[in-house]
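A quick write-up on the structure given underneath.
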Amino acid sequence: MKGKEFMLDIHVIREEPERIEKALRTKNISVDVNKILALDQQFRELSKETDDLKHLRNTVTQAINDKKKKGIDAREDILKMRDVGSRIKENDQQLLLIQQTLKEQLISLPNTPHESVPVGKNEKDNVEVRRWGSPQKFTFNPKNHLELGESLNLFDFHRAAKISGSGFPLYTGKGAKLERSLINFMLDLHTQEHGYTEILPPFLVNSNSSTGTGQLPKMADDMYYLDQDDLWLIPTAEVPVTNIHRDEILNRENLPIKYTAYSGCFRREAGSYGKDTRGFQRLHQFNKVEMVQFCHPDESYTILDSLVNNAEMVLQKLILPYRVVELCTADLSFAAAKCYDLELWAPGEEKWLEVSSCSNFGDFQARRSNIRFKDEQGKNRFVHTLNGSGVATPRLLIAILENYQNEDGSVTIPEILRPYTGFDILRQDS
RNA sequence: GGAGGAUUAGGCUAAUUGGUAAGUCAGCGGUCUUGAAAACCGCCGCCCUCUGGGCUUGGGGGUUCGAGUCCCUCAUCCUCCGCCA
């Protein structure tokens, strides 16, 4: 049995079952660790017994070989081994069954929160870390992004619904150009100033990839699935980009490896109908620039801070007011050990909108995906993985339209974007 | 979609035509050295209840006392053909 199937280290569960149970409880997950330990125990006992049988077979089989070479009759040994062979086969089948059950249990266990994460019961216990910029004071009643976008002909949700259904964006004219400009601006920022290598990944991935980053098995209902080809539409570039190095041993000198990638993102949003669905707030398809890093275990929490800063720079260069929120234990995603969200202020909607989520996964994803490096002693160890949005465009577009709107209904383009858009203001008649 | 070839550990490469994976390079540790190189020794895929065992030749199955080797099946890559943006 190989260790790579496990996400939480079975050794850690063996040694500190209470700590794991307690840590998962802060994530609002109740797990019966004893059930897992019992399976593990059962597996190891039967495994030992079978290994002994195999040892017997190996030695006797070698003896048969020697006898045959010397011309001695070995029929008795062969007959004996026939029985041993069938017992081994039975045991192996039983072992496989136990192993599968154990694997199902382990693969469904979420990551444990880092000790520094504030313990909380729900999203209300998230902690605001800092704010940047100050919301504009309007001398008029600010419009929301839908009113602005429709009057400026930037997008068309009615026709999008005709083509695809609700929750799919259709950008038109300067709206489409603005969207493309945002993507290019962010990619240029991360590659030129933050040292990331640009990636343009596949948008469809197989089940192994989805399991590696932790989307499967828990999030299966939230992803689009193509039954005919057994492929999943990616909910984020995190999935294909992290899986670039699945089953690889990375060179220690190359760490940290930093990738940034644009991708379309596809989410079924099952169960979230009705809330926050207006306009660009929640979509089945959207664009996002993602940052992914692979690093030495000792560095991951330092790198998390810089990752958050990289994402913040997008918002600062666009001069948009935002706040940084640290998620409490209960609000952490399945695979995350620690996570910060960036939220933009939207004066038209009058609320904070999440545009980025920056997480450290520790060795959780690396363990599932078997991504390792050789450490200073030449031993293979799992890397740590991190990723963060840098950033998602729909809510960024909302914030730009609503923060940069003028009294006459026009919208000024943030200065940093103008080289990309080629225009500096959006007017009704242009 | 069809035909043929290929897949051995981090890389590269062997294995009596069925007899239980041999080497090499890189890397890590050690001896030696003022230091380095060279040389030599050990480690260098995974698991276990670790002075010892077991597993591992792309994945899964079969035949056999015994499979890298024979059979079936799937995956990936290469070449050719067909179709097509």
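Keep in mind that this is a model prediction, so the values were computed, not measured.
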| request: Please state the C1' separation for the pair B:A67 and B:G61 - nearest whole angstrom. | output: 13 Å

Of the listed B:G10, B:G19, B:G53, the closest approach to the A:Asp51 side chain comes from B:G53

Regarding the side chain of A:Lys68, the nearest nucleotide among B:C65, B:G10, B:G52 is B:C65

message = What's the gap between B:A22 and B:A36 when it is taken at their P atoms, as a whole Å value?
response = 33 Å

Of the listed B:C55, B:C65, B:G19, the closest approach to the A:Asn65 side chain comes from B:G19

Determine all donor-acceptor pairs shorter than 3.5 Å in which one atom belongs to a side chain in residues 69-81 of chain A; sequence neighbours excluded.
residue	atom	partner	partner atom	Å
A:Asp73	OD1	A:Arg75	N	3.4
A:Asp77	OD2	A:Lys67	NZ	2.9

Within 45° of the six-membered ring axis of A:Phe185 and under 6.0 Å from that ring's centre, is NZ or CZ of A:Lys317 located there? no

**Item:** C1' atoms of B:C28 and B:U79, separation to the nearest Å
**Value:** 41 Å

TODO: Would you classify A:Lys80 as touching base, sugar-phosphate or nothing, given that sugar-phosphate means primed atoms plus P, OP1 and OP2, and contacts are heavy atoms under 4.0 Å?
DONE: nothing

Rounded to whole Å, the CG-P distance (A:Leu56 to B:G54) equals 10 Å

(message) At less than 4.0 Å, is any side-chain N or O atom of A:Asn380 found next to OP1 or OP2 of B:C46? Yes or no.
(response) yes

Answer for the Watson-Crick or wobble partner of B:C65, both distances under 3.5 Å, is B:G19

Between B:C50 and B:C40, how far apart are the two C1' atoms, rounded to whole Å?
29 Å

Closest heavy-atom pair, A:Ala392 versus A:Phe286, reported as atoms and distance to 0.1 Å, is CB-CE1, 4.2 Å

When rounded to whole Å, the CD to C1' distance for the pair A:Glu253 and B:G27 reads 9 Å

Picking from B:C48, B:U16, B:C28, the nucleotide nearest the side-chain atoms of A:Arg14 would be B:C48

Closest to the side chain of A:Arg372, out of B:C46, B:C44, B:G19, is B:C46

Quiz item: Would you say the side chains of A:Thr385 and A:Gln365 form a donor-acceptor pair under 3.5 Å?
Solution: yes

Open item on the list: One thing to verify: whether A:Asp92 and A:Lys54 come together as a salt bridge, which I'm taking to mean a side-chain N less than 4.0 angstrom from a carboxylate O.
Closed with: yes

note: A:Asp375, atom CG; B:G10, atom P; distance rounded to Å ~ 15 Å

B:C46 -> Watson-Crick or G-U wobble partner, both distances under 3.5 Å, gives B:G54

Q: Using only side-chain N and O atoms of A:Arg381, determine if any of them is under 4.0 Å from OP1 or OP2 of B:C28.
A: no

Nearest-nucleotide check on RNA chain B, A:Ile249 vs A:Ile64; residue mapping nearer the 5' end is A:Ile249

Taking a pair to mean Watson-Crick or G-U wobble geometry with both distances below 3.5 Å, B:G1 pairs with B:C81

Of the candidates B:G54, B:C65, B:G62, the side chain of A:Lys89 sits closest to B:G62

Exercise. Quick one: sort the A:Tyr259 and A:His245 rings into parallel, tilted or perpendicular, breaks at 30° and 60°.
Key: parallel

From CG of A:Asp9 across to C1' of B:C48 the rounded distance in Å is 14 Å

From the candidates B:C44, B:C55, B:C65, the one with an atom nearest any side-chain atom of A:Asn58 is B:C55

Atom CD1 of A:Ile98 and atom P of B:C48 are separated, to the nearest Å, by 15 Å

Comparing nearest nucleotides in RNA chain B, the 5'-proximal residue of the pair A:Arg82, A:Glu45 is A:Glu45

If pairing means Watson-Crick or G-U wobble with both distances under 3.5 Å, then the partner of B:A36 is none

Partner of B:U76 under the Watson-Crick or G-U wobble criteria, both distances under 3.5 Å, comes out as B:A6

Side-chain contact check for A:His55: nearest option of B:G10, B:G54, B:U16 is B:G54

From CD1 of A:Ile88 across to P of B:C65 the rounded distance in Å is 13 Å

In whole angstroms, the gap separating P of B:G54 from CZ of A:Phe43 amounts to 16 Å

A:Arg252 CZ to B:C28 P, in whole Å, measures 7 Å

For this session: State, without any angle test, whether A:Asp230 and A:Tyr225 hold a side-chain donor-acceptor pair at a distance under 3.5 Å.
Result: yes

